[in-house]
Amino acid sequence: MRDIKERVRDKNPKIRNPAARLPKELVRQTVLKAKEKPRELHEKSSGQSDSPTQYGTEKIESVQYRAASVAGKTIGKTTYRGGKKLAGVTYRKIKERKSRQEEAMVQGAESGKKLIKLKPEQAALAKENGKRQVKAAPRVVKVSGLSQEKIKTQASMQKQQVEKSLQAMQKARVVQMARKSAQASAESGKAVFQVTGKGSKLSVQGITAAIQKRVVALEKMGKWIAAGGGAFLLVFILIAGIIAGAAFSSSSESSESLSAEVLAYTSVIQQYASQYGIPEYVSAIQAIMMQESGGRGTDPMQCSESPYNTRFSHSPGSITDPNYSIEVGVQTFADCISQAGCSSPQDLDKLKLAWQGYNYGNGYIGWALQRGGYTEANALQFSQEQAASHGWSSYGDPEYVPHVMRYYSGGSLFAGLFGSQQIVSVAMGQLGNSGGQKFWSWYGFDSRVEWCACFVSWCADKSGLIASGNVPKFSLCSDGVSWFQGKNKWQSGGTTPTAGMIIFFDWDHDGNSDHVGIVEKCEGGRVYTVEGNSSDQVRQRNYAVDYASIMGYGVIN
């Protein structure tokens, strides 16, 4: 860098001119420093400097800080030119003022005026004041038509504009990512929705897995969500997108959907599930069959080794009667449910224990209960111990539970949303029950009552719909009507219902409900139902959609 030129005024000490420190090379170096540490330059004090040199340096640094931003480049250039021009003007004014003082002194001498002589200390003080005046002068002169206060205000406004721009960019990024996630959610929903010839079925477990994937994506873009301030809204959009995609997608196969072969055995499964006291576990049994065989072969439940198999040998795959395989499999699973202490399809911890027991044999259930219940870790430990004790290379499937869970459509977080299918399965499993003691005693009655509402409540409870708040527990039909109407979940008679709705009848047309049942399906202008206390039994009935005694429907979903 070139040396700064200095001008000597009479015998006064050398006074450095701020304008002399404005060569292009110095500006270029200052720009580089300003780009490296813009925050430090911005935070520098705007107070008085100790010397003209320091003042000039601070002035240049302030200019270069503004030049570091896009909006400040123009101001920086303008300030530089104005500062250089100002330095020249200031120098000329100082020179003119000194010249006038000299002229005044000459005129005073000629007119005989007596000049006041100053003492040495007074002269030193005058010199010091002169320095301060020269140094302070540039600070009170406008630069390029802008005051320092205006420049500071403009810089502050520019900073706020930059921050607002960044926030706008962040919010736009959040919206874009949310849109992509919603699209992905719709695709996930398509993968878990299947339409078959016997009705539709939603794979809730597939939806749950899709939500977990979306949550992982949500965590990855957490910084953007925090900046946008819409985390709760974004989570809602993601979940709504998944559910909407599942509900409105067209029929598409998924590896996690039940096969047509498994669905074809639904009525047989319901029959034996009811016979062995676990009618609410139809979906859990279907998931087992899907994992074991996909519903194919003569032993779809792969239960020939079960102690309940008394007709065929206990060698793998020895059963040649599919219906008998289902009976043995359901009986075996019912025993596992009992030993595990599973209270309902929503008791997933105990249900997992029962599932793993079906694969390993009942010996695992007691062993696991002593260790706190089922875990993937102790399932693996049990497999390794059994393989070692028998000298085998492996024993069972340590990951049997997660494999079965892929096909399970009940007992999950969304049981309340998709329980309409579950309640139909549970109700179908009770066909033929006579007297209804199972249902009215469950409700809490000591003796027989008209039990149609108790039957509906029992089925809803086993399907998780009471716990989820989608169906009330009621023993009087009128109470059920009032609840659905009060929740705005009521559909008038004469309209077309869907499977799982609660159907209310008014036989004498007096405005009060006399009977209640569950809609199995609606086809060909007729409503098919499952009703408790129909001639004191659980029966299937059907009516025309416009049947006058149909008072209305309680809507589950």
Side-chain angles (χ1 to χ4, degrees), residues 201-209 211-212 256 258 262 266 269-270 272-292 301-303 306 308 326 328-380 382-383 396-419 421-423 425-426 429 458-468:
K201 185 171 187 64
L202 290 174
S203 175
V204 182
Q205 221 59 39
I207 294 175
T208 304
I211 289 179
Q212 292 173 348
E256 297 185 356
L258 297 179
V262 170
T266 300
I269 293 173
Q270 290 172 341
Y272 288 117
S274 178
Q275 179 178 333
Y276 291 105
I278 54 170
E280 63 271 34
Y281 291 91
V282 170
S283 293
I285 298 168
Q286 289 176 320
I288 292 174
M289 181 185 290
M290 191 67 196
Q291 172 60 24
E292 293 289 348
M301 293 297 289
Q302 295 291 299
C303 56
S306 168
Y308 293 102
I326 295 173
V328 172
V330 170
Q331 191 175 3
T332 301
F333 186 59
D335 191 22
C336 292
I337 289 289
S338 176
Q339 289 192 34
C342 188
S343 58
S344 73
Q346 287 72 52
D347 188 0
L348 283 179
D349 290 337
K350 299 295 180 60
L351 182 59
K352 291 176 181 179
L353 179 60
W355 271 329
Q356 193 67 58
Y358 184 89
N359 178 253
Y360 281 165
N362 290 354
Y364 167 76
I365 296 178
W367 180 89
L369 285 174
Q370 294 176 358
R371 291 160 176 79
Y374 164 83
T375 64
E376 291 188 21
N378 70 35
L380 177 60
F382 186 85
S383 174
D397 180 5
E399 297 183 356
Y400 189 77
V401 169
H403 289 160
V404 172
M405 287 288 289
R406 293 178 299 178
Y407 310 109
Y408 186 47
S409 63
S412 71
L413 175 64
F414 293 94
L417 295 176
F418 305 113
Q421 293 295 322
Q422 185 78 358
I423 193 173
S425 296
V426 171
W458 183 89
C459 293
D461 181 63
K462 297 302 180 181
S463 303
L465 293 170
I466 293 179
S468 64

Would you confirm whether [X], through its side chain, and [Y], through its main-chain N or O, come within 3.5 Å as a donor-acceptor pair?
| X | Y | result |
| --- | --- | --- |
| S344 | Q346 | yes |
| E280 | A273 | no |
| R406 | H403 | yes |
| Y360 | A379 | yes |
| T332 | V328 | yes |

Rounded distance (nearest 0.5 Å) linking atom [atom1] of [X] with atom [atom2] of [Y]:
| X | Y | atom1 | atom2 | result |
| --- | --- | --- | --- | --- |
| L258 | T266 | CG | OG1 | 7.5 Å |
| Q302 | N359 | CD | CG | 11.0 Å |
| C342 | F333 | SG | CZ | 7.0 Å |
| L348 | Y374 | CG | OH | 11.5 Å |
| I326 | I288 | CD1 | CD1 | 12.0 Å |
| L351 | M405 | CG | CE | 7.5 Å |

Check: Does the side-chain contact (heavy atoms from CB on, under 4.5 Å) test come out yes or no for M289 and I269, once each step is laid out?
Finding: CA-CA 10 Å; M289 181 185 290; I269 293 173; 4.0 Å; yes
Notebook entry, point to check: Can you list the steps and then say if C303 with Y358 is a side-chain contact (heavy atoms from CB on, under 4.5 Å)?
Noted result: CA-CA 9 Å; C303 56; Y358 184 89; 3.7 Å; yes
Item checked: Min side-chain heavy-atom separation M301-I285 under 4.5 Å -> yes
Notebook entry, point to check: Does the pair D335 and Q331 meet the rule for a side-chain contact (heavy atoms from CB on, under 4.5 Å), with working shown?
Noted result: CA-CA 6 Å; D335 191 22; Q331 191 175 3; over 6 Å; no
Notebook entry, point to check: Under the side-chain contact (heavy atoms from CB on, under 4.5 Å) criterion, do L353 and D349 qualify, and how do the steps go?
Noted result: CA-CA 7 Å; L353 179 60; D349 290 337; over 6 Å; no
Checklist line | Which residues share a side chain to side chain donor-acceptor pair (under 3.5 Å) with Y364, sequence neighbours left out | finding: N378
Check: For residues Y408 and Q291, is any side-chain donor paired with an opposing acceptor at under 3.5 Å?
Finding: no
